[in-house]
Amino acid sequence: MIQHPDEDTSSMLAVCVKEPGGPEKLCLGRIPRPEPKDGEVLIRVHATALNRADLLQRRGLYPAPPGESEILGLEAAGVIACIGPGVKRNFKPGDKVMALLSGGGYAQYVAVAEELLMPVPSHLTLDEAAAIPEAWLTAYQLLHLIARVKAGESVLIHAGASGVGTAAIQLARLSCAVPVATAGTPEKINIAAKLGAAAGFNYKVGDFSEKILQFTEGRGVDVILDCIGGSCWEKNIRSLAMDGRWVLYGVMGGKSVEGDLLGKLLFKRGHILSSLLRSRSLQYKAELIRSFTEQALPHFQSGDQPMSLRPVIDRVFNMDDIAEAHKHMEANKNIGKIIIKMF
């Protein structure tokens, strides 16, 4: 267990990175508590959630955008502690909110532009709310702003049991598309199916592209959401329908490609699209959040209604155990989101 430094009211606990490296380089430290600037609110963070970007940033491979907090953490859920000057929306201290961040989530307080806030649905806990912003907004962006998925289209979702994957399956289903997923264990395939995947394929057993073609009766899928990259590009091309859209949002399987990618893509008249969310402008994120809040957030309903959405939580760690949480994600053990309690 990491020992907590003595508390005071002008500072806060945060997870710090002593130097780039492995999970053992994470430690708890005391840093100045932020003050909300014009148009910002200060959130007392109840919980944050892990993302692959956190692992890369910890290793020194994915620095925070210029001007953003260097503290890890791309999402948070908590209670508004105070309102900064110039805030126009009807927020008040004590409101439960969740927020998309460019950094700063691994701390007890974070200052956030009001445009990046969403209300927490009344029946969700703050732990559950912390699982929503980064993963669900990423999945919503990929499906609707980048791929522009249509009803009836088939969508191949790699890492179907990840945070983004579990969100994308449900959002594709909500849009009346046909989600299919890949994952690395039978348990993860079963979870994808329970969330609404029409089919699931273990990428460690056989060639998933052959199974995709069998499932689609030789046609292929209209959209691929790909966080893997280089190691499966040939299987992706084989899986893609004519005029299909291949959306790249990660390179967990490598950045390099060898072979006739362009020729094979040209033959399929395929489209390669790519997107990151963290580096987007405030205006872009604000519009994304507005659309998600209107179109998807109302479907986070209580009960098992046909079109209800739910965040999938793998495990909840305390802030003291942040290194263990990072090890858990690096081992690819999680199904859904890993939550970190900050208080």
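Keep in mind that this is a model prediction, so the values were computed, not measured. Side chains included, hydrogens not; waters and symmetry mates left out as well; all remaining heavy atoms used.
Of all non-hydrogen atoms in M118 and L137, the two that sit nearest each other are CE-CD1, 4.0 Å. Residues E75 and T48 share a closest heavy-atom pair of O-OG1, 2.6 Å. Closest non-hydrogen pair, A130 versus A77, comes out as N-CB, 3.6 Å. The minimum heavy-atom distance between A113 and L282, with the atom names listed, is CB-CD1, 4.1 Å. Minimum interatomic distance between Y249 and V164 (heavy atoms only, all atoms of both residues): OH-CG1, 3.5 Å. For the pair I169 and A192, the tightest heavy-atom approach, listed with the atom from each and the gap, is CD1-CB, 3.7 Å.
A 4.5 Å side-chain heavy-atom check between P34 and L42 finds at least one atom pair inside the cut-off. At least one side-chain heavy atom of V221 sits less than 4.5 Å from a side-chain heavy atom of T216. Side-chain contact between E115 and K285 is absent, with no heavy-atom pair separated by less than 4.5 Å. With a 4.5 Å cut-off on side-chain heavy atoms, E153 and S175 do not count as touching. Looking at P121 and L297, their side chains come closer than 4.5 Å, going by heavy atoms from C-beta outward. Put simply, the side chain of V180 does not reach to within 4.5 Å of the side chain of S154, judged on heavy atoms. The shortest side-chain heavy-atom distance between K188 and S162 does not fall under the 4.5 Å cut-off. Residues V149 and D222 have side chains not in contact (no heavy-atom distance under 4.5 Å, counting atoms from C-beta outward).
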Yes or no on salt bridge (Lys or Arg N to Asp or Glu O under 4.0 Å) for E330 and R58, after CA distance, side-chain angles and deciding distance? CA-CA 12 Å; E330 288 184 329; R58 187 202 71 219; 2.5 Å; yes
Evaluate the criterion side chain to side chain contact (heavy atoms under 4.5 Å, CB included) for residue pair L195 and R310; output intermediate values, then yes/no. CA-CA 9 Å; L195 293 173; R310 65 179 181 91; 3.6 Å; yes
Please assess L101 against L116 for the test side chain to side chain contact (heavy atoms under 4.5 Å, CB included), listing each intermediate value before the final yes or no. CA-CA 7 Å; L101 309 173; L116 302 182; 5.9 Å; no
Decide side chain to side chain contact (heavy atoms under 4.5 Å, CB included) for L117 and D95; before the verdict, give the C-alpha distance in whole Å, the side-chain angles of both, and the deciding distance to 0.1 Å. CA-CA 11 Å; L117 297 179; D95 285 351; over 6 Å; no
Working note: E210 + F201, criterion side chain to side chain contact (heavy atoms under 4.5 Å, CB included); need CA distance, chi angles, decisive distance, verdict. CA-CA 10 Å; E210 293 179 0; F201 308 110; over 6 Å; no
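Applying the under-4.5 Å side-chain rule to Ile, Leu, Val, Met, Phe, Trp and Tyr, the cluster around I339 extends to I313, V316.
The stretch residues 140-166 participates, sequence neighbours left out, in these ring pair (Phe, Tyr, Trp, His ring centres under 6.0 Å) pairs: Y140-H144, Y140-F292, H158-F208. Among residues at least two apart or in separate chains, salt bridge (charged side-chain N to carboxylate O under 4.0 Å, His left out) pairs with a member in residues 119-133 are D127-K341.
When the shell of 6.0 Å around CD of E294 is examined, it contains more than 12 heavy atoms from other residues, nucleotides or ligands. For N90, the CG atom sits in a loose shell: 12 or fewer heavy atoms of surrounding residues, nucleotides or ligands are nearer than 6.0 Å. Around CD of E35, the count of heavy atoms belonging to other residues, nucleotides or ligands within 6.0 Å does not exceed 12.
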Which side-chain N or O atoms in residues 261-268 pair as donor and acceptor under 3.5 Å with protein atoms at least two apart or in another chain?
{"residue": "K268", "atom": "NZ", "partner": "I237", "partner atom": "O", "Å": "2.7"}
{"residue": "K268", "atom": "NZ", "partner": "R238", "partner atom": "O", "Å": "3.4"}
{"residue": "K268", "atom": "NZ", "partner": "L240", "partner atom": "O", "Å": "2.6"}

Donor-acceptor contacts under 3.5 Å from residues 14-29 side chains, at least two apart:
{"residue": "E19", "atom": "OE2", "partner": "K25", "partner atom": "NZ", "Å": "2.7"}

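A continuous path of ILVMFWY side-chain contacts below 4.5 Å connects I132 to I338, so both sit in one hydrophobic cluster. L288 and F300 end up in the same hydrophobic cluster when Ile, Leu, Val, Met, Phe, Trp and Tyr side chains are linked at under 4.5 Å. Follow the hydrophobic side-chain contacts under 4.5 Å out from I228 and you never reach I335; the two are in separate clusters. The hydrophobic cluster containing L56 does not contain I71, counting ILVMFWY residues as joined when their side-chain heavy atoms lie under 4.5 angstrom apart, directly or transitively. Under the 4.5 Å side-chain heavy-atom criterion for Ile, Leu, Val, Met, Phe, Trp and Tyr, M252 and L156 are members of distinct hydrophobic clusters.
At distances below 3.5 Å, at least one donor-acceptor pair connects side-chain atoms of E114 with backbone N or O atoms of K88. Remark: the backbone N or O of L55 is not paired with any side-chain donor or acceptor of R59 at under 3.5 angstrom. Although no hydrogens or angles enter the test, the distance criterion places no donor-acceptor pair under 3.5 Å between the side chain of N334 and the main chain of K337. D207 places a side-chain N or O within donor-acceptor distance of the main-chain N or O of S209, the cut-off being under 3.5 Å. Listed for the E68 side chain is no donor-acceptor partner under 3.5 Å among the backbone atoms of S102. The main-chain N or O of E134 is found under 3.5 Å from a side-chain atom of T138 such that the two form a donor-acceptor pair.
Classified by interplanar angle (parallel below 30°, tilted 30° to 60°, perpendicular above 60°), the ring pair H328/F317 is tilted.
Atoms OG and CG, on S274 and D226 in that order, are 11.0 Å from each other to the nearest 0.5 Å. Taking CG of L273 as the reference point, atom CD1 of I146 lies at 7.0 Å (rounded to 0.5 Å). Between the CZ atom in R245 and the NE2 atom in H271 there is a gap of 7.5 Å [rounded to 0.5 Å]. Taking CH2 of W233 as the reference point, atom CD of E258 lies at 10.0 Å (rounded to 0.5 Å). Distance CG/L13 to OH/Y106: 15.5 Å, rounded to 0.5 Å. Interatomic distance, CD of Q170 versus NE2 of H299, reported as 12.0 Å (0.5 Å rounding).
The side-chain contact (heavy atoms from CB on, under 4.5 Å) with M342 is formed by just one residue from the set V45, L126, V110; it is V45.
The side-chain hydrogen bond (donor to acceptor under 3.5 Å, both in side chains) test applied to Q57 returns R278, not counting sequence neighbours.
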